[in-house]
Amino acid sequence: MPDQQIRTRPARLDDADQVWPLAHAFATSFTPEHAAFNTTWPQLVDVPGTLLLVAETPEANIVGYLLASTHLTFLANGRVAWIEELMVDESHRGSGIGRLLMTHAEDWATSEGAAYVSLASRRAGPFYQTLNYEDSAVFFKKNLH
């Protein structure tokens with residue numbers, strides 16, 4: 001269980017400086033650029049069909065974030081949700097924060113009418129399996145720049 005003092009909430013514009021180090025540490029395929037992050041951040045905060053959550057301590061230190069979106073599909077007969085990024089600070093991993101963020105994302109996806117939640121992960125498969133996610137496909141990617 002997460003520390004009862006940890007809470008999740010929708011991200012705000014002024015959270016960017018605390019989320020940036022987490023986003024930078026998350027990346028394995030790309031090297032995030034701070035200027036691009038600063039341009040993208042306000043475009044993702046409080047946008048319909050997008051969920052951007054942070055997990056914070058009582059001292060207002062952000063120790064995790066989650067970015068998700070919904071989109072329409074034919075195969076699911078409507079909307080599905082995609083978890084794009086889930087990151088918890090290394091010093092807080094294993095404390096239940098990731099589970100808490102995912103629970104909120106699943107509740108949000110349900111409220112958005114999503115048929116399912118999906119994601120891609122190279123490093124955290126066992127974590128997602130403990131949340132009852134199943135390995136259902138191979139993820140392919142082609143870098144365009």
Side-chain angles (χ1 to χ4, degrees), residues 1-73 76 78-137 139-141 143-145:
M1 291 303 290
D3 180 336
Q4 297 301 322
Q5 301 295 319
I6 301 290
R7 71 178 187 113
T8 62
R9 62 168 173 78
R12 300 183 300 247
L13 287 174
D14 64 351
D15 292 329
D17 288 342
Q18 288 192 66
V19 173
W20 162 247
L22 294 169
H24 188 261
F26 175 79
T28 59
S29 301
F30 285 94
T31 303
E33 298 173 4
H34 203 177
F37 174 87
N38 287 337
T39 299
T40 305
W41 180 262
Q43 296 177 52
L44 292 173
V45 173
D46 200 29
V47 173
T50 299
L51 177 66
L52 183 53
L53 290 175
V54 296
E56 70 180 353
T57 66
E59 300 79 30
N61 294 321
I62 293 175
V63 295
Y65 78 93
L66 180 142
L67 174 61
S69 61
T70 60
H71 62 273
L72 293 171
T73 69
R79 197 162 290 286
V80 298
W82 179 262
I83 305 295
E84 190 67 43
E85 299 174 23
L86 169 62
M87 178 62 169
V88 175
D89 182 82
E90 192 170 357
S91 66
H92 286 80
R93 290 183 193 154
S95 68
I97 294 170
R99 178 179 297 269
L100 182 64
L101 287 164
M102 286 298 294
T103 297
H104 286 257
E106 291 167 5
D107 291 345
W108 170 79
T110 299
S111 74
E112 292 283 311
Y116 62 81
V117 176
S118 59
L119 56 95
S121 177
R122 182 183 331 184
R123 300 176 287 175
F127 165 72
Y128 293 110
Q129 289 172 333
T130 67
L131 301 178
N132 297 319
Y133 283 76
E134 57 188 52
D135 186 356
S136 68
F139 182 75
F140 292 94
K141 173 180 87 169
N143 291 337
L144 299 176
H145 52 86

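Model, not experiment: these values are computed from the prediction.
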Val63 versus Glu56: any side-chain heavy-atom pair under 4.5 Å?
-> no

Decide yes or no for His24 and Val19: does some side-chain heavy atom of the first lie under 4.5 Å from some side-chain heavy atom of the second?
-> no

Over all heavy atoms of both residues, which pair between Val45 and Ala11 is shortest? Give the atoms and the distance, please.
-> CG1-O, 3.5 Å

How long is the span from the OG atom in Ser69 to the CG atom in Leu52, to the nearest 0.5 Å?
-> 11.0 Å

Pairs touching residues 33-55 that satisfy side chain to side chain donor-acceptor pair (under 3.5 Å), sequence neighbours left out | none

Using a strict 4.0 Å threshold on nitrogen-to-oxygen distance, state whether Arg79 and Glu112 make a salt bridge.
-> no

Could you tell me if the ring centre of His104 sits under 6.0 Å from that of Trp108?
-> no

Flag the pair Ser118 / Trp82 as yes when at least one side-chain heavy-atom distance between them is below 4.5 Å, and no otherwise.
-> yes

Counting only N and O atoms by type, is there a donor-acceptor contact under 3.5 Å from the side chain of Arg9 to the main-chain atoms of Val54?
-> no

Between Gly64 and Leu22, the two heavy atoms sitting closest are N-CD1, 3.7 Å

Here the ring pair (Phe, Tyr, Trp, His ring centres under 6.0 Å) pairs for residues 43-69, sequence neighbours left out, are none

How far does CG of Asn61 sit from CD1 of Ile6, to the nearest 0.5 angstrom?
-> 9.0 Å

Kindly say whether Gly78 contributes a backbone atom to a donor-acceptor pair with the side chain of Thr73 at under 3.5 angstrom?
-> yes

Working to the nearest 0.5 Å, report the span between CE of Met87 and CG of Leu101.
-> 12.0 Å

Decide yes or no for Val80 and Thr70: does some side-chain heavy atom of the first lie under 4.5 Å from some side-chain heavy atom of the second?
-> no

At what distance, to the nearest 0.5 angstrom, does CH2 of Trp20 lie from CD1 of Ile62?
-> 15.0 Å

Enter the distance from Leu131:CG to Glu106:CD here, rounded to the nearest 0.5 Å.
-> 6.5 Å

Nearest heavy-atom approach of Ala81 to Ala109 is CB-CB, 3.6 Å

Between Pro10 and Asp15, what is the shortest heavy-atom contact and its length?
-> O-OD2, 4.4 Å

Over 12 non-hydrogen atoms of neighbours within 6.0 angstrom of CG in Asp14 | yes

Flag if over 12 foreign heavy atoms under 6.0 Å of CD, Glu134 = no

How far does CD1 of Ile83 sit from CG of Leu66, to the nearest 0.5 angstrom?
-> 4.5 Å

Give the C-alpha distance, both sets of side-chain angles, the deciding distance and a yes or no for side chain to side chain contact (heavy atoms under 4.5 Å, CB included) between Leu67 and Leu51.
-> CA-CA 6 Å; Leu67 174 61; Leu51 177 66; over 6 Å; no

